[in-house]
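Here is the structure we will look at, set down as structure tokens.
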2 protein chains.
Amino acid sequence: MTPAPASSAKKYPCEKCPLRPLGVFRDFTSAELGFISRFKTGELTIDRGATVLVEGNHSAHLYTALSGWGFRYKLLPDGRRQILNYVVPGDLIGLQGSLTGEMQHSVEALSPMMLCVFEREQLFSLYRNHPGLAYDLTWLAAREEQMLDENLLSVGRRSALERAAYLIAFLHQRARSVQLYGKGKAEIPITQQHVADTLGLSIVHTNKTLRKLIDRKAIRWLDRGCEVLDEETLCGIARWEGLGDQRRPLM
Amino acid sequence: MTPAPASSAKKYPCEKCPLRPLGVFRDFTSAELGFISRFKTGELTIDRGATVLVEGNHSAHLYTALSGWGFRYKLLPDGRRQILNYVVPGDLIGLQGSLTGEMQHSVEALSPMMLCVFEREQLFSLYRNHPGLAYDLTWLAAREEQMLDENLLSVGRRSALERAAYLIAFLHQRARSVQLYGKGKAEIPITQQHVADTLGLSIVHTNKTLRKLIDRKAIRWLDRGCEVLDEETLCGIARWEGLGDQRRPLM
DNA sequence: CGAATATTTGACGCGCATCAAATGTGGTGG
DNA sequence: CCACCACATTTGATGCGCGTCAAATATTCG
């Protein structure tokens, strides 16, 4: 259930980070890079379906997604599941738990993932010695909050069709901004059950709602995945402006 | 629409902060208190219904609630409203906007409020010179995220009755933890429209749902307000464990 | 006292949940 | 390589939860 301890061999040393040059991430000083490089104590590779963090646990690590897709969720005692947000490369995982002591949600991989592993203990040193990075951590927390705000608006006040359109457009934009698609087809590796648990709908109604988007040729549904065909239509249905494209920090 | 500029007369200097001694807030060093005191450039008193911050604006200030109730919300273009969370004394307002540049939600007072006013510009100095306070800011952002996670779970996966019970228990616990009730009766100053916009329900159905809680003698409904009679029952209906009662920072 | 805001209630219908079952589709072991 | 199983998608039937419409009562405030 809990992932194996991080190996200390770094296949992707921070100096050769494949994400950092992408242009969506802010520039870092060499002092900052040096710190992050020491802060990173390992890498973790996990399979689809593996659990990164479990609600109720007290984790000694936090992570940055280096590749792949994941999602954060909470469960009710009777098993009902709510997906809170998705994880794409560049996202921090487990900051909440590192600060407040206990994870209040779980994180699971939607595809094979690579994670950079950081030691919670060194967070204090980060705050003491690198105010710019400390600012970044708060920035990342604030951005996560913004995404949650929008998701809450969606689940609370948008219709099923609007919600589905919003979700898919949202994931599409996030994936594209970190070039998660590569050159193959642009596929989001989720099942309709994931969509249902994100939108607060049943899986049956989710299927019928997605069919409408398929009929309008806004998306195509593959096995275990979704391909966006017409982003404009999706944003239009959801009455959503899209994500801003400001540069962001990368831990 | 935008509040008037803060007055510089401080009726509640930080050294005599009425909140800080409450015991739910962590202890601060005198250096930290000194900084916060300089960081605070004024106080703002506003009426019920007044808007503190508006979505889309770029604010030069951030605030800490000193007294009263407020709420954060977002609107869809056609006017549908989703309330995201509530503000009670000790809560920070506008951190998101201060970091990312633009407010993505609005904040309105539910009762008369007093706010401490801080200058956004001095945030950098806080990060440079007070790592402990910087850590606190991230902590507060992470806690806001936790509350949003729980609200999203509620709206997405709980039934109408469970949602209503959860919301009222949640607000009750938050209010009590900062002794917002004083010695009079414990009244949460919201209308059923606020409840509806928080839970993602219509106002009619909200009324019928609240009636069930009233019939079970779990709450009493006053004009523009809700009084909790049986917290246990509320938490039981919602299958909710309650808020942790860890001490928290206070900016 | 009149107007605006809140709460309440009933009637009706739609959106979505639930139940049931058929049809892929990929993965695994024999 | 095929049989089989677990999982994912799809579809239809039925019913309930909640939205919408409408209108009657408070209650507050100018």
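All heavy atoms count here, side chains included; hydrogens, waters and symmetry mates do not. Letters A, B, ... mirror the listed sequences (proteins, then strands); counts begin at 1. This is a predicted model, so every value here is computed, not measured.
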Neighbour count >12 (heavy atoms, 6.0 Å) for atom CG, A/D245 | no
Atom [atom1] of [X] to atom [atom2] of [N]: distance rounded to whole Å?
{"X": "A/K212", "N": "D/dT10", "atom1": "NZ", "atom2": "C1'", "answer": "15 Å"}
{"X": "A/R163", "N": "C/dG15", "atom1": "CZ", "atom2": "P", "answer": "13 Å"}
{"X": "A/L222", "N": "D/dT9", "atom1": "CG", "atom2": "P", "answer": "10 Å"}
{"X": "A/L213", "N": "D/dT9", "atom1": "CG", "atom2": "C1'", "answer": "16 Å"}
{"X": "B/K208", "N": "D/dA22", "atom1": "NZ", "atom2": "C1'", "answer": "11 Å"}
{"X": "A/R158", "N": "C/dC16", "atom1": "CZ", "atom2": "C1'", "answer": "19 Å"}
{"X": "A/Q193", "N": "D/dA8", "atom1": "CD", "atom2": "C1'", "answer": "10 Å"}
{"X": "A/D215", "N": "D/dT11", "atom1": "CG", "atom2": "P", "answer": "9 Å"}

Is a donor on one side and an acceptor on the other found under 3.5 Å between the side chain of B/D91 and the backbone of B/V88?
->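 Yes; judged by distance alone, with no hydrogens or angles, the pair exists.
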Taking A/R157 for the side chain and B/L201 for the main chain, is one N or O donor matched with an acceptor at less than 3.5 Å?
-> yes
Using the closest heavy atom to pick a nucleotide of DNA chain D for each, name whichever of B/I203 or A/L210 lands nearer the 5' end.
->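 Final value for this comparison: A/L210.
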If each of A/I214 and A/R157 is mapped to the nucleotide of DNA chain D with the nearest heavy atom, which maps nearer the 5' terminus, i.e. the 5' end?
-> A/I214
Report the C-alpha distance between A/E145 and B/Q104 in whole Å, list the side-chain angles of each, state the deciding distance to 0.1 Å, and finish with yes or no for side-chain hydrogen bond (donor to acceptor under 3.5 Å, both in side chains).
-> CA-CA 10 Å; A/E145 190 192 314; B/Q104 302 284 330; over 6 Å; no
Have a look at B/G49 and say if it touches a base, only the backbone sugar-phosphate, or nothing, with a 4.0 Å heavy-atom cut-off.
-> nothing
What nucleotide, of [options], holds the atom closest to the side chain of [X]?
{"X": "B/D223", "options": "D/dT28, C/dC16, D/dT9", "value": "D/dT28"}
{"X": "A/T191", "options": "D/dT27, D/dG19, D/dT9", "value": "D/dT9"}
{"X": "B/A160", "options": "C/dC16, C/dG26, D/dC18", "value": "D/dC18"}
{"X": "A/N207", "options": "C/dC16, D/dT9, C/dT8", "value": "D/dT9"}

Would you call A/R158 and A/E150 a salt bridge, taking side-chain N to carboxylate O under 4.0 Å as the test?
->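 Looking at A/R158 and A/E150, the cut-off is met.
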Per nearest nucleotide of DNA chain C, the residue lying toward the 5' end, B/V204 or B/W221, is B/W221
Has [X] got a side-chain N or O lying under 4.0 Å from the OP1 or OP2 atom of [N]?
{"X": "A/R224", "N": "D/dT9", "value": "no"}
{"X": "A/R211", "N": "D/dT11", "value": "yes"}
{"X": "A/Q192", "N": "D/dC7", "value": "no"}

